[in-house]
Amino acid sequence: SQQGEEDPQALSIQEGENATMNCSYKTSINNLQWYRQNSGRGLVHLILIRSNEREKHSGRLRVTLDTSKKSSSLLITASRAADTASYFCATDAWTGRRALTFGSGTRLQVQP
Amino acid sequence: DVKVTQSSRYLVKRTGEKVFLECVQDMDHENMFWYRQDPGLGLRLIYFSYDVKMKEKGDIPEGYSVSREKKERFSLILESASTNQTSMYLCASSGEGLAGDEQYFGPGTRLTVT
């Protein structure tokens, strides 16, 4: 079963606009991570937020975590055509298994 | 710079063949992972390893086996390839003991079984 589920599945915006993607999960977590994947390539780690953190920034990225709602959001500000990619959330949950669980991703298209 | 390499970017095999996918990391990481990625299903964990000669099943281990004889190398084996194993295969590694931190991915192998 999917621990993380992203919403929306696909998003199309104009360059310069902000893009927001959401992730919901089911069980308690140690941390939640966001990854990016360019078409046909491997995933690249963007940001990690731990369960005792509420917000984290990295450049144009802002991640929030609400453990009471079991949800996270990734905001990309002032988007660029080069941000076009798929974005995945992944959770490190308190399941005893030492591995991440990935969602099915959000496909972001930034129109120049 | 961190690097995870996979033996092939594209691979075409016939049904029933034994297939080896190799993954090598140069970061001295303890943990290594194999995922498959299919449209609409995201990444699904096949097997992972947290030490040499150690392995654990992921969510979809059926039809696959793995080998980790050296710390830097993790192999995925399809004992008898079937068409439903056509997919993108991604290898990853991480350095933290609990395998819950940042993972580094290889470029992927797109396997087609005909």
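Naming convention: chains lettered A, B, ... in sequence-line order (proteins, then strands); numbering from 1 in each chain.
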More than 12 heavy atoms from other groups under 6.0 Å of CD on A:Glu17: yes

side-chain contact (heavy atoms from CB on, under 4.5 Å), paired with A:Phe102, selected from B:Leu41, B:Leu43, B:Leu45: B:Leu43

Could you tell me whether the side chain of B:Tyr104 and the main chain of A:His45 form a donor-acceptor pair under 3.5 Å? no

Which bit of B:Gln37 comes within less than 4.5 Å of chain A, counting heavy atoms only: side chain, backbone, both or neither? side chain

Treat each ILVMFWY residue as a node, draw an edge where side-chain heavy atoms are under 4.5 Å apart, and state whether A:Leu61 and A:Val110 are in one component. yes

Does atom CZ of A:Arg80 have more than 12 heavy-atom neighbours, drawn from other residues, nucleotides or ligands, at distances under 6.0 Å? no

Is there a path of hydrophobic side-chain contacts, each under 4.5 Å between heavy atoms of I/L/V/M/F/W/Y residues, joining A:Met21 to A:Ile47? yes

Check whether B:Val19 and B:Met88 end up in the same hydrophobic cluster, where Ile, Leu, Val, Met, Phe, Trp and Tyr are linked by side-chain heavy atoms less than 4.5 Å apart. no

Using heavy-atom distances under 4.5 Å, tell me whether A:Arg107 contacts chain B through its side chain, its backbone, both, or neither. neither

Are A:Gln37 and B:Phe105 close enough that some pair of their side-chain heavy atoms sits under 4.5 Å apart? no

Nearest heavy-atom contact between A:Leu48 and B:Glu102 is CD1-N, 4.2 Å

Might you point out which heavy atoms bring A:Ser104 and B:Gly40 nearest each other, and give the distance in Å? CB-O, 3.8 Å

Say you draw a straight line from CZ of B:Phe48 to CG of A:Leu100; how long is it, rounded to the nearest 0.5 Å? 10.0 Å

With the 4.5 Å side-chain cut-off for hydrophobic clustering, are B:Tyr50 and B:Val66 part of the same group? no

Do other residues, nucleotides or ligands put more than 12 heavy atoms under 6.0 Å from B:Arg14 CZ? no

Can you measure from CZ (A:Arg41) to CG (B:Leu90) and round to the nearest 0.5 angstrom? 11.0 Å

